[in-house]
Amino acid sequence: MLGSLPDTVTKYGETPVFDEHSVPAKLTDTHDTKAGVWGRLCVLSGSIRYVVDCGDPHSLVVNANDYAIIVPQQPHHVEIIGPAEFKVEFYREHEGE
């Protein structure tokens, strides 16, 4: 696990499950989330490298049944390491806060 979500966010959506053949290029190219939007990279099988592309660039290998937290507006991308399945869940501040 890399990081944790704030207590003030609620899940509002998620991507389909992707694998090494179906992952869209937009996820393997540097991108970010909108202001106030958190992500949770959930690896269902295999391994995915989560790469932070700003500040002090660094990466983390996320293995099956684990996840990494994606911070709002932080440039990042994923790299597929062999056969893998994953999805990204999206969270935002609770309504009315």
Side-chain angles (χ1 to χ4, degrees):
M1 174 185 73
L2 172 64
S4 60
L5 292 166
D7 293 336
T8 57
V9 298
T10 302
K11 182 178 172 184
Y12 73 91
E14 66 182 53
T15 67
V17 173
F18 298 117
D19 64 21
E20 68 276 12
H21 304 292
S22 63
V23 60
K26 67 182 176 183
L27 297 183
T28 59
D29 292 336
T30 298
H31 62 284
D32 61 12
T33 59
K34 295 177 183 176
V37 174
W38 293 76
R40 183 173 141 160
L41 171 64
C42 302
V43 179
L44 307 173
S45 68
S47 299
I48 303 291
R49 183 179 314 278
Y50 171 68
V51 181
V52 174
D53 295 314
C54 67
D56 180 20
H58 59 279
S59 67
L60 171 76
V61 174
V62 185
N63 297 307
N65 302 313
D66 213 349
Y67 61 88
I69 299 301
I70 301 165
V71 176
Q73 297 182 291
Q74 183 177 65
H76 64 278
H77 70 276
V78 298
E79 298 173 357
I80 306 299
I81 305 172
E85 292 184 313
F86 72 99
K87 66 180 179 177
V88 180
E89 298 173 345
F90 296 102
Y91 296 79
R92 62 180 164 219
E93 294 293 322
H94 298 298
E95 294 296 321
E97 291 188 24

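Partners of Ser47 by side-chain hydrogen bond (donor to acceptor under 3.5 Å, both in side chains), not counting sequence neighbours, listed by chain and number: Asn63. With sequence neighbours left out, Gln73 forms a side-chain hydrogen bond (donor to acceptor under 3.5 Å, both in side chains) with no residue at all. Annotation: salt bridge (Lys or Arg N to Asp or Glu O under 4.0 Å) contacts of Glu14 (sequence neighbours excluded): Lys11, Lys87. Legend: residues meeting side chain to side chain contact (heavy atoms under 4.5 Å, CB included) with Pro57, ordered by chain and number and at least two apart, are absent. When the side-chain hydrogen bond (donor to acceptor under 3.5 Å, both in side chains) test is applied to Thr30, the partners found at least two apart in sequence or on another chain are Asp53. Take His76 and apply the side-chain hydrogen bond (donor to acceptor under 3.5 Å, both in side chains) test, not counting sequence neighbours, and it matches His31. The side chain to side chain contact (heavy atoms under 4.5 Å, CB included) search around Ser45 returns Glu85, not counting sequence neighbours. In terms of the ring-ring contact (aromatic ring centres under 6.0 Å, His included) criterion, Tyr91 has no residue partners (sequence neighbours excluded). Every residue meeting the ring-ring contact (aromatic ring centres under 6.0 Å, His included) condition with Phe18, not counting sequence neighbours, appears here in chain and number order: Phe86.
Put simply, Tyr67 and Val17 are part of two different groups of oily side chains (I, L, V, M, F, W, Y) that touch within less than 4.5 Å, one to the next. Following chains of ILVMFWY side-chain contacts shorter than 4.5 Å, one cannot reach Ile81 starting from Val62, and the two form parts of different hydrophobic clusters. Under the 4.5 Å side-chain heavy-atom criterion for ILVMFWY residues, no single connected hydrophobic cluster contains both Leu44 and Ile69.
Residues Ile48 and Ile80 have side chains in contact (heavy-atom distance under 4.5 Å, counting atoms from C-beta outward). Within the 4.5 Å cutoff, side-chain heavy atoms of Pro72 are placed close to those of Thr33.
With rounding to the nearest 0.5 Å, the separation of OH in Tyr12 from CD in Glu93 is 12.0 Å.
Annotation: salt bridge (charged side-chain N to carboxylate O under 4.0 Å, His left out) contacts involving residues 16-43, sequence neighbours excluded, comprise Arg40-Glu89. For residues 67-77, there are no salt bridge (charged side-chain N to carboxylate O under 4.0 Å, His left out) pairs, not counting sequence neighbours.
Across all non-hydrogen atoms, the minimal contact from Val23 to Leu27 is CG2-CB, 4.1 Å. Taking both residues in full, the closest heavy atoms of Leu5 and Gly39 are given as CD2-O, 4.3 Å, listed atom of the first, atom of the second, then distance.
Panel note: side chain Thr15, backbone Val88; a donor-acceptor pair is recorded below 3.5 Å.
With side-chain heavy atoms closer than 4.5 Å counting as contact, directly or through intermediates, Val51 stands alone and belongs to no larger hydrophobic cluster.
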